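The structure appears right after this line, and notes come after that.
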Amino acid sequence: MDVDAAIAAAPPTLSNPALPSDTPPEAIAETTEVQFLQVTVNGDLPLLLPGVNLVEIMKLSIGQVVPMFEMAPWVVGIYNWRGDMLWVADLGHFLGFAPWYRQAEATTRHTVVVIKPPYDSAQPAPEQPATLGLVVSAVEAMVTYPADAMQPLEEGLEGAIAAPIEPGLLPFLQGYYPDSPPQLVLDGTAV
């Protein structure tokens, strides 16, 4: 049997084991799940980075990053990534925590998550957001959550989170998922 004919004969199906097989398409659309990369900064604060922003995860030694002087203190430097200049930033320090080199688990090798905001066809190429390397304490796992379960930020959020929320973190949060502990969602485009 021709492979193309077999694909054309069988229409694509959406399957979700949590839903009965007779669930209408409208209900399936409402249960859309979003994928995140769970990382930690400042040694113990879990954050979620949207999967749509992820490009790569890599380990860099401190010698591979060229420091840049007269920059913000959270800018680690630049790195030759695939022939392009990749700005590397300390995510924890950027969000208001101690710099990576002052943390107990500081090493000479960094875990760097490379992110890029989605392409915006309304902007010309030179104005597209840049790719950025974010130094994190650790990469934990890829996790999935229902898109509609994200909670907006509220005044009472700090009481639900064990670690204090730095004021520098708030403008870069999209919301949170009410797990135990709550999972803060970073806005990859805002960062």
Side-chain angles (χ1 to χ4, degrees), residues 33-69 71-82 84-118 129-145 149-151 153 157-191:
E33 293 188 335
V34 184
Q35 210 172 28
F36 298 96
L37 178 67
Q38 185 179 43
V39 300
T40 56
V41 296
N42 200 36
D44 62 351
L45 178 66
L47 297 173
L48 299 176
L49 287 169
V52 297
N53 298 119
L54 298 178
V55 177
E56 182 177 346
I57 301 169
M58 60 185 165
K59 287 280 197 178
L60 293 179
S61 71
I62 190 67
Q64 293 176 288
V65 180
V66 178
M68 299 301 292
F69 300 101
M71 298 298 293
W74 42 266
V75 174
V76 178
I78 56 172
Y79 170 70
N80 182 358
W81 178 68
R82 300 180 183 178
D84 288 329
M85 182 174 67
L86 177 70
W87 286 96
V88 179
D90 180 351
L91 180 61
H93 196 194
F94 175 71
L95 296 174
F97 298 100
W100 68 269
Y101 54 84
R102 289 192 182 158
Q103 295 176 18
E105 74 279 350
T107 65
T108 58
R109 290 186 57 80
H110 303 299
T111 301
V112 177
V113 177
V114 181
I115 65 167
K116 183 171 184 112
T131 305
L132 181 65
L134 302 174
V135 175
V136 297
S137 297
V139 171
E140 302 297 332
M142 289 297 293
V143 293
T144 331
Y145 286 97
M150 185 186 311
Q151 302 295 313
L153 296 173
L157 177 62
E158 283 199 39
I161 297 175
I165 297 178
E166 294 292 328
L169 177 61
L170 292 174
F172 301 102
L173 292 177
Q174 288 183 23
Y176 71 100
Y177 286 100
D179 282 356
S180 181
Q183 300 294 305
L184 300 175
V185 179
L186 280 176
D187 183 344
T189 305
V191 171

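Computed from a predicted model, the values in this text were never measured in an experiment.
Judged by distance alone, the side chain of Glu56 and the main-chain N or O of Leu54 form no donor-acceptor pair under 3.5 Å.
Partners of Tyr79 by ring pair (Phe, Tyr, Trp, His ring centres under 6.0 Å), not counting sequence neighbours: none found. In this structure Trp74 satisfies the ring pair (Phe, Tyr, Trp, His ring centres under 6.0 Å) test together with Phe94, sequence neighbours excluded.
For the atom pair CE of Met142 and CD1 of Ile57, the computed distance is 7.5 Å after rounding to the nearest 0.5 Å. The line from CD1 of Ile115 to OG1 of Thr131 is 9.0 Å long, rounded to the nearest 0.5 Å. Going from atom CZ of Arg82 over to atom CG of Asn80 covers 12.0 Å, rounded to the nearest 0.5 Å. The CG atom of Asn53 sits 9.5 Å away from the CG atom of Leu186 when rounded to the nearest 0.5 Å. Rounded to the nearest 0.5 Å, atoms CG (Asp187) and CG (Leu173) are 9.0 Å apart. Once rounded to the nearest 0.5 Å, the distance linking OG1 of Thr111 with CG of Leu60 reads 9.0 Å.
Considering Leu184, Leu48, Leu47 as possible partners of Tyr176, the one that fulfils the side chain to side chain contact (heavy atoms under 4.5 Å, CB included) test is Leu184.
Side-chain contact between Val88 and Val135 is present, with at least one heavy-atom pair separated by less than 4.5 Å. For the pair Met68/Ile78, a side-chain contact is recorded, criterion being any heavy-atom separation below 4.5 Å from C-beta on. Two residues are said to be in side-chain contact when any heavy atoms from C-beta on lie closer than 4.5 Å; Gln35 and Tyr145 fail this criterion. The closest side-chain heavy-atom distance from His110 to Ile62 is below 4.5 Å. At least one side-chain heavy atom of Val113 sits less than 4.5 Å from a side-chain heavy atom of Leu49.
Nearest heavy-atom pair, His93 versus Pro99, reported as atom, atom and distance to 0.1 Å: ND1-CB, 3.8 Å. Taking every heavy atom of both residues into account, Gln174 and Pro50 meet most closely at NE2-CG, 3.7 Å. Residues Asp90 and Val76 come closest through the heavy atom pair N-CG2, 3.7 Å. Pro46 and Gln183 get closest at one heavy-atom pair: CB-OE1, 4.0 Å.
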_If you apply the rule side-chain contact (heavy atoms from CB on, under 4.5 Å), what do you find for Met150 with Val185, and how did you get there?_
CA-CA 9 Å; Met150 185 186 311; Val185 179; 4.0 Å; yes
*Take Lys59 and Val112, measure what side-chain contact (heavy atoms from CB on, under 4.5 Å) needs, and give me the verdict at the end.*
CA-CA 6 Å; Lys59 287 280 197 178; Val112 177; over 6 Å; no
*Test log, rule side-chain contact (heavy atoms from CB on, under 4.5 Å), inputs Met71 and Trp87*: CA-CA 11 Å; Met71 298 298 293; Trp87 286 96; 3.8 Å; yes
*With side-chain contact (heavy atoms from CB on, under 4.5 Å) as the test, would you mind laying out the steps for Leu86 and Asp84 before giving the verdict?*
CA-CA 6 Å; Leu86 177 70; Asp84 288 329; over 6 Å; no
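Identified under the ring pair (Phe, Tyr, Trp, His ring centres under 6.0 Å) test for residues 33-64, with sequence neighbours left out: Phe36-Tyr177.
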